[in-house]
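Remarks on the structure that follows.
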Number of protein chains: 2
Amino acid sequence: MLADEKLVLSKTAKTLQAIQSEVENINRIALSVDCVIFGFDENTLKVLLIRSDLKKYAGKWSLLGDLVFPKEDLDAAAYRILKQRTGLGDVYLEQVHTFGTVNRHPAGRVVTVTYCSLINVQHHKLNILDNELHWHDVKNVTGLAFDHQQIFDNCFKKLQKRVQEHPLGFNLLQKKFSLRDLQNLYEAILNIKLDRRNFRKKFFSMDLLVDLNEMEQDVPHRPGKLYRFNYEKYENRVKKWGGIDF
Amino acid sequence: MLADEKLVLSKTAKTLQAIQSEVENINRIALSVDCVIFGFDENTLKVLLIRSDLKKYAGKWSLLGDLVFPKEDLDAAAYRILKQRTGLGDVYLEQVHTFGTVNRHPAGRVVTVTYCSLINVQHHKLNILDNELHWHDVKNVTGLAFDHQQIFDNCFKKLQKRVQEHPLGFNLLQKKFSLRDLQNLYEAILNIKLDRRNFRKKFFSMDLLVDLNEMEQDVPHRPGKLYRFNYEKYENRVKKWGGIDF
DNA sequence: TTTAGAATGTGTAATTTATACACAATATAC
DNA sequence: GTATATTGTGTATAAATTACACATTCTAAA
């Protein structure tokens, strides 16, 4: 009798022991997390990759990941990877999707939970000593190891969508930024050109930027004003009905 | 030495064997899928629940789920649950989120991948003989077993968002439906009232409804026209820039 | 110190989209 | 055949998005 038939037919409650037995002895699977870590540098959206540590994929790049420990929360495992590789804690990190086809990993059955992280590249430059690590322009990310290309593509698409609905982008910028910085960021993430005046109008009308009364320094042209994002005000705002649109 | 330290420090490629050993011997975890199955009946959005099969949660309701087999794709496991419980194959099914805190399940470490499914209640009435199963009005879903309340809330919120951006709702309706049916559906999912004329205008302007030149039958009032959704046309349409809005 | 270069800062008109709202037409039930 | 319920339709207003040009301010180089 198959396990699923058992479940269908039994009308009596399973004991905790019966389930424990299944959990402990039968159906265990290796679980990993993989992090797609984005950064923004030189007006280009970058992703942090590492040379594959598997000989099978020698020379190929892969996402940063590791197996989840049996007594470790999923999110904690993702934070661990991030801290390990960038030295940064307290960064934007969000679960994206779980990939679980049987043969996705050559070492056996490994299901992987993927996370998207956005970090400020300036804040961690130190920890990139490891020369196996490299920031890649997202436009040149091809042929990753394992199913990581699929994972990256999926994550990048979701980022492009989410960044239009939530103020995630600010995690990629310095705390103080000019409107040009902000527009460059959106243009890089979305790979489009935006009208400068309408972009400014849009952000000012949101009323979520705080004018710091400071100017850019060391720019070879008229300096722009600096702003910060007002997270407090944003959090207190309730997003209403967005309309049906597809 | 901890596994993560090994990864950080090693500059040499791991052998496949080394990883296989980790995958096979150390870090395996039980994996389950849980399905949040929505239906639409009597102008009410419903979710399919089952009485918990754990004595600890006797009397409580829970989502439909099962452990994933070691040689089973994640999506296949979700389809298996769905087929088992509703008799339906070929239905809308989408992964939503993975829940993986260490103590979420009393039987030990079980990470669960959650799926959202939308089905046509008319098409499966047969298979609900199992009196442990019940369609619950989503407005009365409280106190579920395990962390299933959290899972349900998460899934329901995502459904409310997604249904405004993609034509998912049609999976909950009969192939032929009136505009009133469609509006009732949206009002039930989003728990709001919509203006009838503007709703019609909106859907007609999308030009994705096919007029079947048929009328409703057996209604105690003027019958409405019947339509079907034009999936082909929708698939061929490229969704453009949606604007920055948060 | 003057000038060229480069980017900032700003407003308005036109278009598109969303909202609010009322009445005649058509079917059933009695 | 009359009451009841729901369908089907249009317009005016408000709001949001788009397209578009010029004066200002700074640096760098002559």
Side-chain angles (χ1 to χ4, degrees), chain A residues 42-44 161 163-165 167 173-174 176-188 190 192-228 237-246, chain B residues 42-43 161 163-165 173-174 176-188 190 192-228 237-246:
Chain A
E42 295 169 324
N43 290 336
T44 309
K161 183 156 182 286
V163 88
Q164 291 179 57
E165 301 172 336
L173 295 176
Q174 308 274 66
K176 301 174 179 186
F177 51 83
S178 67
L179 273 169
R180 165 55 52 190
D181 293 333
L182 191 58
Q183 185 174 341
N184 284 340
L185 176 71
Y186 275 87
E187 291 183 342
L190 299 169
I192 54 176
K193 277 296 187 190
L194 295 168
D195 179 89
R196 196 163 54 92
R197 276 174 292 187
N198 292 336
F199 182 85
R200 298 167 73 89
K201 204 193 309 178
K202 181 72 195 175
F203 267 95
F204 286 140
S205 76
M206 285 179 194
D207 199 28
L208 290 169
L209 296 180
V210 180
D211 185 341
L212 294 171
N213 292 308
E214 293 179 61
M215 306 300 265
E216 287 181 295
Q217 301 294 327
D218 305 315
V219 287
H221 53 76
R222 174 177 177 182
K225 286 179 141 188
L226 294 178
Y227 299 85
R228 70 169 178 83
R237 204 166 276 186
V238 272
K239 181 79 168 112
K240 69 304 162 194
W241 164 247
I244 295 163
D245 193 24
F246 48 82
Chain B
E42 294 169 324
N43 290 337
K161 183 157 183 287
V163 88
Q164 291 180 55
E165 301 172 337
L173 295 176
Q174 308 274 66
K176 300 175 181 185
F177 51 84
S178 67
L179 273 170
R180 165 55 51 189
D181 293 333
L182 191 58
Q183 184 173 341
N184 285 340
L185 176 70
Y186 275 87
E187 292 183 340
L190 300 170
I192 53 176
K193 277 298 187 189
L194 295 168
D195 179 271
R196 194 163 56 93
R197 274 174 293 186
N198 291 338
F199 182 86
R200 297 166 75 90
K201 204 192 308 179
K202 180 73 193 174
F203 268 94
F204 286 140
S205 76
M206 286 179 193
D207 199 29
L208 290 169
L209 296 181
V210 180
D211 185 340
L212 294 171
N213 293 308
E214 293 179 61
M215 306 301 264
E216 287 181 296
Q217 302 294 327
D218 304 315
V219 287
H221 55 76
R222 175 176 176 182
K225 285 177 142 189
L226 294 177
Y227 299 85
R228 71 170 178 82
R237 204 166 275 188
V238 272
K239 180 79 168 109
K240 70 303 162 195
W241 165 246
I244 295 164
D245 193 25
F246 49 81

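Numbered from 1 within each chain, the chains take letters A, B, ... in sequence-line order. These numbers come from a predicted model, not from an experiment. Reckoned from all heavy atoms, side chains included, excluding hydrogens, waters and symmetry mates.
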_Minimum side-chain heavy-atom gap A:Trp241-B:Gln164 below 4.5 Å_ = yes
*Value in whole Å for how far the C1' atom of D:dG8 lies from CG of B:Asp195*: 13 Å
*Rounded to whole angstrom units, what separation is found between the CZ atom of B:Phe199 and the P atom of D:dG8?*
13 Å
*Take the protein atom NZ of A:Lys202 and the nucleotide atom C1' of C:dT10, then report the distance between them rounded to whole Å.*
19 Å
_My understanding is that only one of A:Leu209, A:Leu212, A:Leu226 makes a side chain to side chain contact (heavy atoms under 4.5 Å, CB included) with A:Phe177; could you say which?_
A:Leu209
*Residue closer to the 5' end of DNA chain D, A:Met215 versus B:Asp181 (nearest nucleotide)*: B:Asp181
*Taking NZ from A:Lys240 and C1' from C:dA18, how many angstroms apart are they, rounded to a whole number?*
12 Å
*Is A:Arg196 touching bases, backbone alone, or none of the nucleic acid, heavy atoms closer than 4.0 Å?*
base
*Without swapping roles, check the side chain of B:Tyr186 against the backbone of B:Val163 for a donor-acceptor pair under 3.5 Å.*
yes
*Does the side chain of B:Asp245 reach to within under 4.5 Å of the side chain of A:Lys239, using non-hydrogen atoms?*
yes
_Rounded interatomic separation in angstrom, taking CD from B:Glu187 and P from D:dT6_ = 13 Å
_When you measure only distances, ignoring hydrogens and angles, does the side chain of A:Arg197 come within 3.5 Å of the base of C:dG9 through a donor and an acceptor?_
no
*Whole-Å gap separating C1' (C:dA22) and CG (B:Asn198)*: 13 Å
*Side chain A:Arg222 and base C:dA6 donor-acceptor under 3.5 Å*: no
_Any carboxylate oxygen within less than 4.0 angstrom of a Lys/Arg side-chain nitrogen, looking at B:Glu165 and A:Lys161?_
yes
*Nearest to the side chain of A:His221 - C:dA22, C:dA6, C:dA20?*
C:dA6
*First of B:Asp245 and B:Lys201 reached from the 5' end of DNA chain D, by closest nucleotide*: B:Lys201
*Protein-nucleotide distance (B:Phe203, atom CZ; D:dG8, atom C1'), rounded to Å*: 17 Å
*Integer-rounded Å distance: D:dT9 P and B:Asp211 CG*: 10 Å
*Is A:Arg180 near enough to C:dT8 that one of its side-chain N or O atoms lies under 4.0 angstrom from OP1 or OP2?*
yes
*Take A:Pro220 and A:Phe204, find for each the nucleotide of DNA chain C with the closest heavy atom, and name the residue whose nucleotide sits nearer the 5' end.*
A:Pro220
*Is there a side-chain polar atom (N or O) of A:Arg200 under 4.0 Å from OP1 or OP2 of C:dG9?*
yes
